Q: 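Please find one structure pasted underneath; my questions will follow.
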Amino acid sequence: MADTFELEIATPERLLIREQVNEAQIPARNGYLGVLPEHSPLIAELGTGELSYTVGPHRRFLSVDGGFVEVLPDRVRVLADRAEKADEIDMERARAALERARDRLSNPNTAIDVARALNALKRAQARVTAAGHK
Amino acid sequence: MPSLIDIRRRIRSVRNTQQITKAMKMVSAAKLRRAQDRVIAARPYAGVLGHALSDLIGAAAGEERLASNPLLARRPEQRILLLLLTGDRGLAGAFNSNLIKASQSFVEERAGAEIAWVLIGRKGRDFYRKQAVRIVGEHIGLAARVEYRDAAAIASDAIQRFRDQEVDAVYLVNNEFKSVISQKLTVTRLLPIELPEGKPLDYIYEQPPVEILEKMLPRYVETEVYRAMLESAAAEHAARMTAMDAATSNAAEIIESLTLYLNRVRQASITKEIIEVVSGAAAGE
């Protein structure tokens, strides 16, 4: 049994990752998916969160938001609406966005769209956690 | 006979123009390289999406809900939404005029159909504004920096109109980048979507495949528009580069023939003076 599979992560603008990995944790819409080689074929919507994968002894992180994931026995394709590698995330901006989102939710008034604010909070949280791992 | 000064002035003016066209050519070459990189960078997503889509179609084949998806609905094409993708600037050879011509023949071919226009790019907008056509959307200045969200906005507007049955089909006219010296005019039907054949595969689904497919189809249209915009930007730079290269060598030719003429005129005036001096001396003897 192969001990790696190919992981592709692409956004409409560019390909972020295409490499052989040992294992991946993918935030699907209904919870995290742990993927090992020879996984059964699966298609799901991608949620908002932190995606991580291991190559040998190294563990790497990304933040992803929205899109699709297709799992095949020898490859995993992630089509993210937005994605950033941990080392590309501007920590300060991500923290500021997180603060803003928290503020907006803790002072609820009728002018805000709660669903949108919650999404923004989730996105910001994902970016901060992913960036924190680098 | 024009004076020497006039000819020199003319040469200087042509040389100035030549410097400008040469600079424009080099700028276009640099921009073309960047635009090409972006076309290439966008390819993996489109490729992967295509694969995933055909796998999903295989899995969802035969389901009634798939067949009744509003984005696949074929209707007689009586009202058409036409997206015309031109450049924002001129001096690119026949780049923009070919697009406009293509859109005109598209309309002629579909005589009787009612056409609504979405004009992307200043050149197309400026042209059709003066015509008696129905314009439902204008997008200017996107080619300088093609962004996915702009393409997505244009696509979702078209999808909305198609879904509301305001139009029966959506077409896109644009130039595709083929090589540095040639562009390919293409007319693509964006909606209704032509589904590729899918091979059945046994998948596990977190959600019904049809449900995922329904979300993936609009994304597919968006990436088509995005890809077209990237291709068009690259093609425009390539067209401008070729046009400016031709202009630069034309200027060189003009300079050469003007210089020859200048020398001839100078020679003639010297000869004339010598004759005058000689005949003057001869008369005095």
Side-chain angles (χ1 to χ4, degrees), chain A residues 5-19 24-49 51 62 64-85 88 116 119-120 123, chain B residues 34-35 37-60 145-153 155-156 198-230:
Chain A
F5 60 91
E6 188 176 71
L7 176 67
E8 285 177 302
I9 303 176
T11 65
E13 274 111 1
R14 67 198 169 112
L15 181 71
L16 279 94
I17 281 162
R18 176 180 280 160
E19 60 179 311
Q25 298 280 334
I26 300 164
R29 192 177 165 158
N30 303 323
Y32 270 83
L33 282 175
V35 182
L36 290 166
E38 308 289 334
H39 195 287
S40 310
L42 174 150
I43 291 184
E45 264 187 87
L46 201 60
T48 302
L51 188 156
L62 290 94
V64 295
D65 177 32
F68 308 94
V69 53
E70 181 184 29
V71 180
L72 295 169
D74 58 342
R75 65 176 67 232
V76 172
R77 297 167 176 150
V78 177
L79 295 163
D81 293 347
R82 278 169 292 266
E84 277 174 292
K85 290 188 200 173
E88 290 170 357
R116 248 190 76 190
N119 268 336
R123 263 205 306 276
Chain B
R34 231 173 306 148
D37 287 346
R38 297 196 66 196
V39 172
I40 291 163
R43 257 177 216 159
Y45 185 89
V48 174
L49 184 68
H51 280 300
L53 205 56
S54 100
D55 289 347
L56 261 176
I57 288 160
R145 177 148 185 83
V146 178
E147 294 279 357
Y148 185 76
R149 59 169 177 273
D150 295 330
S156 21
K199 49 180 189 322
L201 233 162
D202 221 2
Y203 277 104
I204 314 172
Y205 292 98
E206 286 207 311
Q207 295 147 271
V210 180
E211 210 170 275
I212 302 178
L213 197 56
E214 275 166 6
K215 297 205 171 151
M216 216 182 254
L217 287 176
R219 192 62 43 81
Y220 180 70
V221 180
E222 288 172 13
T223 50
E224 285 279 295
V225 175
Y226 180 61
R227 196 186 55 84
M229 285 170 72
L230 288 178

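Small disclaimer: the values here were computed from a predicted structure and weren't measured. We name chains A, B, ... by the order of the sequence lines, and we start the count at 1 in each one.
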Q: Given that the side chain runs from C-beta out, which part of A:E45 has a heavy atom under 4.5 Å from chain B: side chain, backbone, both or neither?
A: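 Both backbone and side chain of A:E45 come within 4.5 Å of chain B.
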
Q: Between B:Y148 and chain A, with a heavy-atom cut-off of 4.5 Å, which part of the residue counts as in contact: side chain, backbone, both or neither?
A: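 Both parts, heavy atoms under 4.5 Å.
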
Q: Could you give the distance from CG (B:D37) to CZ (A:R14), rounded to the nearest 0.5 Å?
A: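 Here the interatomic distance stands at 13.5 Å.
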
Q: Atom CD of A:E13 and atom CG of B:L230: how far apart are they, to the nearest 0.5 Å?
A: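 Result: 8.5 Å between the selected atoms.
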
Q: Just verifying a value: how many Å separate A:D81 CG and B:Y45 OH, rounded to the nearest 0.5 Å?
A: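 Answer for the CG-OH pair, A:D81 versus B:Y45, is 5.5 Å.
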
Q: Drop me the distance from B:L213's CG to A:I43's CD1, to the nearest 0.5 angstrom.
A: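 Rounded to the nearest 0.5 Å, the CG-CD1 separation comes to 9.0 Å.
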
Q: For the CG atom of A:L79 and the NE2 atom of B:H51, what is their distance to the nearest 0.5 Å?
A: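 Going from CG on A:L79 over to NE2 on B:H51, the span is 11.0 Å.
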
Q: Contact part of B:R219 toward chain A, heavy-atom cut-off under 4.5 Å: side chain, backbone, both or neither?
A: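 Looking at B:R219, just its side chain touches chain A.
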
Q: Quick one: closest heavy-atom pair of A:A44 and B:I212, and the distance?
A: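 What the structure gives for the nearest pair is CA-CD1, 4.0 Å.
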
Q: Side chain, backbone, both or neither: which part of A:V78 has an atom under 4.5 Å from a heavy atom of chain B?
A: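 Neither part; nothing is under 4.5 Å.
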
Q: Drop me the distance from B:L49's CG to A:R77's CZ, to the nearest 0.5 angstrom.
A: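 Going from the CG atom of B:L49 to the CZ atom of A:R77 covers 10.5 Å.
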
